[in-house]
A.B. asks: 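A single structure is presented below for examination.
Each chain gets a letter, A, B and so on, in the order its sequence line appears, and its residues count up from 1.
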Amino acid sequence: MSPREKYWLGVWNERHVFEPDPMPGKKKAFVTVPYPYMNGPVHVGTAFTAVRVEFYARFKRMQGYNVLFPWAWHWTGKSIVGMSQRLKKGDQSVRRGFVEVDGVPEREVEKFVEPEYLASYYTKVSRQVIKDTGFSIDWRREFRTVDPAYRKFVEWQYLRLRELGYVVQGTHPVVWCPFDKSPTGDADRSEGEGESPQEFSLIKFHLGEWALVAATLRPETIYGATNIWVNPEEEYSEARVDGELWVVSSSALLRLSEQKHEVTPVRSFKGTELIGRYAVAPLTDKSLPVLPGTFVDASFGTGVVYSVPAHAPYDLAALRDIQEGRLKAGRDAKEMADRIVPLPIISVDGYSQVPAADALRGHGIKDSMDAALEAATKEVYGDEFHRGVMTSASGPLSGMKVTEGKAKAVQLLDGTGRYGRMWELSEKVVCRCGTRCYVKVLENQWFLEYSNPEWKAKARRVIDKAAVRPEDARAWFNSTIDWLGDWPCARRSGMGTKLPWDPEWIVETLSDSTIYMAFYSLSKYVNGEKIAPESLEPELLDYVFLGKGNPASLSKAAGTTEKRVRDIHEEFSYWYPVDLRNSAKELIPNHLTFFAFHHAALFPERNWPRGIGVNGMIQVEGKKMSKSKGNFVTWRAALEKHGADGFRLALALTADGMDDADWRDRAAEDARSKVESVIPFVKESLRSAAKRDADMLDAWLLSSVHRRIVAVTEAMEGLRVRRAAAAAFLNTWNDIRHYLRRSEHPRAQTLQVVFDAWARLMAPFAPFMAEDLNRELGGKGLICQADWPSLKDFPVDEGAELAEAVVAKALEDARKVLKVVVGPRSKLNVYVSSDLTRQYFYELAAAKQKGEDVGQVVRKYSSAKIPPDRVFKLMYEVGSETLTKLLTHGNFDEFGTLDAASRFMSDELGVHVVVQKAGSPGTRDPGSRAKDALPLKPALFLE
RNA sequence: GCGGGGGUCGCCCAGCCUGGUCAACGGCGCGAGGCUUAGGACCUCGUCCCUUAGGGGUUCGUGGGUUCGAAUCCCACCCCCCGCACCA
């Protein structure tokens, strides 16, 4: 950190400039960003989202608002615990992540086996980097989501939600890790991302007194079944399942019992025992031989598969393995296999009668261990499912589409009593902890009932009433509200708050983060030890957040004063509702929508959020940022490399709205050098400035600054941060540069007021430099507490703007001419239009604009010898804005303007520029061009 | 598949809502010049094609349409990114 940065941080801190308390009567802005999850250090992505709120906070403060921007840390959840456990187990990749990516010293990593330590370490380093970046945060309100007071707050919230009937219990299949004893979401998996529980059909084949149970996704193919596969190497079990005697793989028993089936094992045996026996299929009553299939995975489904060689590439390949002797089978089994021919029951365009055979050929598959079988299977299943038709060989299904046949088959099978269901994953899923996952049916799971139509309607009204920035995001919110179903809001493991009425369950991490912005009012008192966490009983919180109950008796129960309790309620009432909550767009489908739902449920309408901001995701050098790709950029690393102001400005300039940002080192360096050259530029400019009266050019600069102030203000209100920063920094700078170049003697007083405004415009983005600049300019006090530039000090001067536009246009035309003309170029004659032409132009343009008869005007000025088309064309060319300015400033002195600028134009063009007025006596006009001059379009002639 | 956002002159990107001032802002890169002992930084000019007078031609994913006029409006299509849940 540079000494300058350190200095200003110290000043802001000493003067408590970012520690607001309620100021009744003063307008307020309460702005928030989701607390970051502390399983790692904050990174450039966190910064990109948070800095938008930081800019907005500083902007609003300068506009005279009492601004509260608080911060907190998310510890709730199982990821922190999971990482800690993996480290403990000796997982080197986790360790490397800590050390190499996050930059944690070895001696600290040792202590990360304690999850709380891990989180507290990252909290410590993250807090410091946010402070060093100069965020205008009120740290008095900081908390962690595992703090006792916060737990009390979450308990209160869930008690009230349950009373409202929004928390309900239900049963649900989940991907389950038996080691963690917890559902395993996508992020928790090392294998099998995107897999979710699928419902398989169970079909029972009679084998003596047993039901040999096969699992399938294609029950309609029962009509094409030719045999049954079991893996001779695997262990199978006889067991009583839901009152019947089943035979399935031993591993399937566990899964069945986890899926609410009543399972009592009887005995187990090797798969070989089943080989060569016959089992009877339902519906067709065919006796099918049981054959050895080494491709059968016992830990998938029931470990029993019925074979449909016409339509399943695996089955056909395995059958041929036996028939052609690649797989050793017993003599009986071999004979049984030899008698089997594929039995087609589905026809598909583009395939022969036996699609499986086509697929084997097409993929060059030789045996049942071929890796290409996976793809071949997908292909055949897909085509059959979408385009297949059941043939007459499929009995009652014949003529149906496959999709219909499937439903019909289920119905028929169910009627025989030889049908069941089982949840399964179609691909292998492995938990980060290394354990293979399966589907468990969770009972008595607690849900937030987001499917409730009344709740949905209310949430929708929250969004309708809120300002959503950018506006495009609103449609996404609305479709999310429609789509959202019940959300499991509690789980068994990880850090967090227990459900008060069912302490087996811990409130899930997204579900405890919905209305916590309200807690920032209270946390100030808790941190200041003005109220004890254990006294925060639900009734007291009802008063704090809802104004319900009697503060006198509540304060007594809480062991504090009535005034204290009233103060806390006042604090909440002052700051709430949230004026802006900003997050990255991937939080729309969950957090931000939950935020709307819960406010709708718990708070009266006046406390619903007023503003929601959404930004894009961040990429690094054009690629998605990830720890494994090695392009992970921590906030700390970026800050140290580019300095606080450079880092902030670079983030500001990288993207707007919901667009994804691209973090480029080069761009950040550029931003830094821009910030750093501001003050030298200002000093140098002031040194060469002169004391003189204001002229047209000074008026122009003030007018331009007026436009910039408007642009920055509007962009900031709309959270168009990139646009705002570009206008504040770059465009304003360009205006000043133009002024300096254009003016022979830049005026000190003009520069002083312009620089003063410029410093303020830049202050939200580059606060350190802005403070320095403010001091350099002799400003008293702190710029972060100064007023936003006032438009009154920068009057619009259309005449001056018009004058500059005319000069710029003349220069542009002259450059074009100089570019194409070869030949003499020592002198450029510029002819301003004559009074007659000018009068003609004005009247014609005015007539055209008003839609009046132009012919009359043309006839009146026929002596000007200018075709009206030229005038109309020019009108378009200059644009309605400039044209209107011209027509309303009838006394605009074009000749005077250009004549005064002739020296400047000579310098710019490198030729001597002579400005003359057409029609005045003694005009030198060797090319006889003067007559062609029009207002805003002087004629040119090069000699 | 469903939902959301996008495809602009080498690259990044503005413009699109409210059609004409759009060959199209700004930044990067590149070229020329200035400054400097030199380099860097900084400043100026140029950077679709053609053009010996400010002009012309062809462009804004593709194909149609509306209009005197379309990057901007309408329709169809193609392509890219993101989300799709027990997870922060």
A.B. asks: If you check the A/M617 side chain, which of B/A14, B/G26, B/C82 turns out closest?
C.D. replies: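 So the nucleotide nearest the side chain must be B/C82.
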A.B. asks: So, is A/R870 near the phosphate of B/G54, with a side-chain N or O under 4.0 Å from OP1 or OP2?
C.D. replies: no
A.B. asks: Could you tell me if the ring centre of A/H598 sits under 6.0 Å from that of A/W455?
C.D. replies: yes
A.B. asks: A/N582 vs A/N615, test: side chain to side chain donor-acceptor pair (under 3.5 Å). Steps then yes/no.
C.D. replies: CA-CA 8 Å; A/N582 183 77; A/N615 57 264; 2.9 Å; yes
A.B. asks: If you compare every side-chain N and O of A/K819 against the phosphate oxygens of B/U47 (OP1, OP2), does one of them come in below 4.0 Å?
C.D. replies: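 Yes, such a contact exists.
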A.B. asks: Any luck finding a side-chain donor-acceptor pair between A/D102 and A/Y122 under 3.5 Å?
C.D. replies: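 Side-chain D/A pair, A/D102 to A/Y122: present.
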A.B. asks: Sticking with atom P, work out how far B/C17 lies from B/C12, rounded to a whole angstrom.
C.D. replies: 24 Å
A.B. asks: What is the nucleic acid contact for A/R720, judged by heavy atoms within less than 4.0 Å: base, sugar-phosphate only, or nothing?
C.D. replies: sugar-phosphate
A.B. asks: Taking only the side-chain heavy atoms of A/L484 (C-beta and beyond), determine which of B/A14, B/G54, B/A85 contains the nearest atom.
C.D. replies: B/A85
A.B. asks: A/W176 has an atom CH2; how far is it from atom C1' of B/A85, in whole Å?
C.D. replies: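 So the CH2-C1' distance, A/W176 to B/A85, works out to 17 Å.
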A.B. asks: Check whether any side-chain N or O of A/R723 sits under 4.0 Å from OP1 or OP2 of B/C25, and answer yes or no.
C.D. replies: no
A.B. asks: Return the value, rounded to whole Å, for the distance between atom CG of A/D813 and atom C1' of B/G54.
C.D. replies: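 Whole-Å distance recorded here is 5 Å.
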A.B. asks: By nearest nucleotide on RNA chain B, pick out whichever of A/D656 and A/D472 is the more 5' one.
C.D. replies: A/D472
A.B. asks: Suppose you measure atom P in B/C84 against the same atom in B/G20; what distance do you get, rounded to whole Å?
C.D. replies: 40 Å
A.B. asks: Quickly work out the A/R672 CZ to B/C28 C1' distance and round it to whole Å.
C.D. replies: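 After rounding, the reported distance stands at 19 Å.
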A.B. asks: Under 3.5 Å for both donor-acceptor distances, Watson-Crick or wobble: does B/A41 have a partner, and if so which one?
C.D. replies: none
A.B. asks: Partner of B/C68 by Watson-Crick or G-U wobble geometry, both contacts under 3.5 Å, or none?
C.D. replies: B/G20
A.B. asks: Report the residue (A/F941 or A/W733) whose heavy-atom-nearest nucleotide on RNA chain B is the more 5′ of the two.
C.D. replies: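 Counting from the 5' end, the first nearest nucleotide belongs to A/W733.
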A.B. asks: Rounded off to whole Å, could you give me the CD-to-P distance for the A/E812 and B/C45 pair?
C.D. replies: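 After rounding, the reported distance stands at 12 Å.
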A.B. asks: Kindly point out which of B/G4, B/A53, B/C84 is positioned nearest to the side chain of A/V817?
C.D. replies: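 Looking only at side-chain atoms, A/V817 lies closest to B/A53.
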A.B. asks: Does B/G54 have a Watson-Crick or wobble partner in any strand here, with both distances under 3.5 angstrom, and which is it?
C.D. replies: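 Here B/G54 is not engaged in any pair, so there is no nucleotide opposite it.
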A.B. asks: Taking atom types as modelled and ignoring hydrogens, do the side chains of A/W505 and A/Q445 form a donor-acceptor contact shorter than 3.5 angstrom?
C.D. replies: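 No, no side-chain donor-acceptor pair sits under 3.5 Å.
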A.B. asks: Grab the CG-C1' distance between A/D662 and B/C12 for me, whole Å please.
C.D. replies: 8 Å
A.B. asks: Please name the nucleotide paired to B/C84 by Watson-Crick or G-U wobble geometry with both distances under 3.5 Å, or report none.
C.D. replies: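 Result: B/G1.
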A.B. asks: For the pair made of NZ in A/K624 and C1' in B/G83, what is the distance, rounded to whole Å?
C.D. replies: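 After rounding, the gap between these two atoms is 10 Å.
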A.B. asks: Starting at atom CG of A/N478, determine the distance to atom P of B/G5, rounded to an integer number of angstrom.
C.D. replies: 12 Å
A.B. asks: Does A/R664 make a side-chain N or O approach to OP1 or OP2 of B/C13 shorter than 4.0 Å?
C.D. replies: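 Answer no for this pair, as no side-chain N or O of A/R664 is under 4.0 Å from OP1 or OP2.
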A.B. asks: Just name whichever nucleotide pairs with B/A76, Watson-Crick or G-U, keeping both distances under 3.5 Å, else none.
C.D. replies: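 Its partner is B/U62 (Watson-Crick or G-U wobble, both distances under 3.5 Å).
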A.B. asks: So, do A/Y166 and A/Y450 have ring centers that fall under 6.0 Å from each other?
C.D. replies: no
A.B. asks: Which nucleotide wins on minimum distance to the side chain of A/R815, given the candidates B/G46, B/G83, B/A85?
C.D. replies: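 The answer is B/G46, which lies nearest to the side chain.
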A.B. asks: Using OP1 and OP2 only, check whether a side-chain N or O of A/R737 sits under 4.0 Å from B/C43.
C.D. replies: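 It does, given that an N or O in the side chain of A/R737 lies less than 4.0 Å from OP1 or OP2 of B/C43.
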A.B. asks: Are A/F594 and A/W487 close enough that their ring centers fall under 6.0 Å?
C.D. replies: yes
A.B. asks: Quick one: which of B/C45, B/G5, B/A14 gets closest to the side chain of A/D659?
C.D. replies: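 That would be B/A14.
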A.B. asks: Can you tell me how far C1' in B/G15 sits from the matching atom in B/G27, rounded to whole Å?
C.D. replies: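 Their C1' atoms lie roughly 16 Å apart.
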A.B. asks: Remember a base hit wins even if backbone is also touched, and classify A/P938 as base, sugar-phosphate or nothing at under 4.0 Å, heavy atoms.
C.D. replies: base
A.B. asks: Measuring only the C1' atom in each nucleotide, how far is B/A32 from B/C22? A whole number of Å is fine.
C.D. replies: 27 Å
A.B. asks: Please tell me whether A/F681 and A/W733 form a close aromatic pair, meaning their ring centres lie under 6.0 Å apart.
C.D. replies: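 When the ring centroids of A/F681 and A/W733 are compared, they turn out to be within the sub-6.0 Å range.
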A.B. asks: Please state how far atom CG in A/D670 lies from atom C1' in B/C13, giving the value in whole angstrom units.
C.D. replies: 14 Å
A.B. asks: Please measure how far the C1' atom in B/A71 lies from the corresponding atom in B/A23, and state the result in whole Å.
C.D. replies: 12 Å
